[in-house]
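As the structure is a computational prediction, the values presented were derived from the model and not from experiment. Computed from heavy atoms alone, side chains included, the values below leave out hydrogens, waters and symmetry copies. For this chain, numbers begin at 1 and follow the sequence in order.
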Amino acid sequence: MTLTLESILRSAGINPAEVQVIRHAHVREHEDSGLLGIHADSSDDEILRYTSQQSAKPRVFPVDPPSIWIVFVREGGDRARFWAVVENRGEIANDGVLRKFDLVVSAQMSDLKNRLVIGWKSPRAWRLNGLTAAAYPVKEIADAQPVAFPGFDQLVLDHVQLQAVMREHRYASWRTALSSVMGVYLIADTSDGRQYIGKADGAENIRQRWNAYATNGHGGNVELRGLEPTNFRFSLLRVFDPATPTREIDAAESHFKLALGTRKHGLNRN
């Protein structure tokens with residue numbers, strides 16, 4: 001029995017009938033529109049920006065595209081490697097030539113990023129409805145390569161990255177490191193610059209505390225409920241050995257709240 005894309009999508013809770021599937025090719029510039037394309041060294045931001053710009057011609061792109069897009073990048077032959085699932089939050093511009101959409105990378109299937117390869121049966125088609133693409137065979141699911149832990153002082157994660165760190169095998173060493181310390185952390189809301197300072201102490205280490213944010217976005221903090229977690233950026237201000245008395249961690253938390261003004265100008269209530 002051949003494993004197909006449909007099985008992968010449904011295991012991720014995605015209904016193939018409600019998505020469109022896109023396969024990008026490496027093109028420096030499109031002759032018809034002058035639109036810059038992508039290349040082998042394109043960043044995720046560049047690929048997302050490229051995906052968000054589509055032709056205004058109805059025959060080229062759907063008038064009312066679905067809210068979920070599955071994006072692949074072409075490889076040699078009929079191979080297409082998975083890049084990301086993106087959420088389409090609506091059209092934000094249309095000059096009659098190009099339409100621009102508000103796209104956000106989803107955490108869905110992020111563990112398969114750059115690992116999943118399917119066979120793309122339609123060489124001339126760059127866009128397919130989900131039901132058609134669902135029948136395409138899975139050619140490869142590569143082993144996840146371990147990612148080296150950068151160190152506590154270098155750690156900066158957005159919410160999607162945090163979710164990946166908390167569940168993907170390639171980040172096992174990160175979870176081990178975060179399990180070994182308690183400490184004081186910073187959450188910055190990149191939408192408005194406000195900051196929240198929290199701590200992990202007592203019986204709770206940094207991994208356990210941050211896993212709560214990865215799970216529900218707010219970690220049980222009243223101040224963060226109702227905010228959009230995709231805007232959050234997580235970092236560590238100071239780490240402590242698990243044997244450190246709670247009062248020392250409390251004092252450090254209070255110091256950073258005062259120093260950064262997060263009670264008066266940020267998201268801390270106390």
Side-chain angles (χ1 to χ4, degrees), residues 5 9 12 14 18-76 79-118 120 122 124-130 133 147 156-165 168 188-193 217 227-234:
L5 180 59
L9 295 179
I14 298 174
E18 298 175 353
V19 305
Q20 74 170 352
V21 183
I22 292 173
R23 184 197 63 174
H24 292 318
H26 291 156
V27 179
R28 287 284 182 176
E29 182 176 334
H30 290 271
E31 296 180 359
D32 56 345
S33 65
L35 182 67
L36 292 178
I38 60 171
H39 49 84
D41 296 324
S42 291
S43 66
D44 285 346
D45 285 344
E46 289 171 334
I47 296 174
L48 183 64
R49 189 180 309 116
Y50 178 68
T51 307
S52 72
Q53 300 178 84
Q54 299 293 339
S55 172
K57 297 178 180 178
R59 293 184 179 181
V60 177
F61 200 73
V63 174
D64 186 22
S67 60
I68 299 294
W69 303 359
I70 316 294
V71 183
F72 289 82
V73 176
R74 183 178 183 177
E75 292 191 332
R79 291 166 59 90
R81 189 172 294 272
F82 173 66
W83 176 68
V85 176
V86 298
E87 300 175 12
N88 164 31
R89 297 185 175 180
E91 184 177 314
I92 56 176
N94 186 337
D95 63 5
V97 177
L98 289 175
R99 301 163 68 191
K100 186 174 182 180
F101 294 85
D102 180 12
L103 302 183
V104 176
V105 175
S106 169
Q108 290 177 294
M109 293 174 56
S110 60
D111 58 324
L112 293 175
K113 179 180 176 68
N114 296 325
R115 297 175 55 213
L116 170 65
V117 178
I118 65 171
W120 195 272
S122 305
R124 295 185 178 181
W126 63 271
R127 177 183 59 80
L128 299 169
N129 66 63
V147 180
V156 180
L157 301 171
D158 63 28
H159 191 253
V160 171
Q161 292 169 325
L162 179 65
Q163 290 178 316
V165 166
E168 293 183 19
D189 187 338
T190 59
S191 68
D192 57 18
L227 300 181
E228 177 50 63
T230 56
N231 294 326
F232 293 167
R233 185 169 292 160
F234 299 79

With a sphere of 6.0 Å drawn around NZ of Lys113, does it hold more than 12 non-hydrogen atoms of other residues, nucleotides or ligands? yes
With a 4.5 Å limit on heavy-atom distance, are the side chains of Val73 and His26 in contact? yes
How far does CD1 of Ile47 sit from CD1 of Ile38, to the nearest 0.5 angstrom? 5.0 Å
CD-CG distance between Glu18 and Asn129, expressed to the nearest 0.5 angstrom: 12.5 Å
Heavy-atom nearest pair, Val63 first then Pro58, reads CG2-CB, 4.0 Å
Are the side chain of Trp120 and the backbone N or O of Glu75 linked by a donor-acceptor pair below 3.5 Å? no
Between atom CG of Asp111 and atom CG of Leu116, what is the distance when rounded to the nearest 0.5 Å? 10.0 Å
On a heavy-atom basis, the closest approach of Phe101 and Pro65 is CE2-CG, 3.6 Å
Arg127 and Gln20: which non-hydrogen atoms are nearest, and at how many Å? CD-OE1, 3.2 Å
Passes side-chain contact (heavy atoms from CB on, under 4.5 Å), Val60 versus Trp126? Steps please. CA-CA 10 Å; Val60 177; Trp126 63 271; 4.0 Å; yes
Shortest non-hydrogen contact from Val85 to Gln108? CG2-O, 3.5 Å
More than 12 heavy atoms of other residues, nucleotides or ligands under 6.0 Å from CZ of Arg79: is that the case? yes
Nearest non-hydrogen partners of Leu112 and Phe82, listed with the distance: O-CD2, 3.4 Å
Value rounded to 0.5 Å, distance of CG in Leu5 from CG in Leu128: 10.0 Å
Do Thr51 and His24 have side chains that approach each other closer than 4.5 Å (heavy atoms only, starting at C-beta)? yes
Is there a donor-acceptor pair closer than 3.5 Å between any side-chain N or O of Thr190 and the backbone N or O of Asn231? yes
Starting at CG of Asp158, measure out to CD of Gln163 and round the result to the nearest 0.5 Å. 9.0 Å
Derivation of the side chain to side chain donor-acceptor pair (under 3.5 Å) call for Ser191 and Asp189: CA-CA 5 Å; Ser191 68; Asp189 187 338; 2.6 Å; yes
From CA spacing to verdict: side-chain contact (heavy atoms from CB on, under 4.5 Å), Val156, Gln161: CA-CA 9 Å; Val156 180; Gln161 292 169 325; over 6 Å; no
Hey, could you give me the OG/CZ distance between Ser122 and Arg23, rounded to the nearest 0.5 Å? 8.5 Å
Mind checking whether Trp83 and Tyr50 have ring centres under 6.0 Å apart? no
Which pairs with one or both residues in residues 87-99 pass side chain to side chain donor-acceptor pair (under 3.5 Å), sequence neighbours excluded? Glu91-Asn94, Glu91-Arg99
With side chains defined as the heavy atoms from C-beta onward, is the minimum distance between Ile14 and Val19 less than 4.5 Å? yes
Using atom types as modelled and distance alone, determine if a side-chain donor or acceptor of Arg81 lies under 3.5 Å from a backbone N or O of Asn114. yes
Which heavy atom of Arg74 sits nearest a heavy atom of Ala25, and at what distance? CB-CA, 4.2 Å
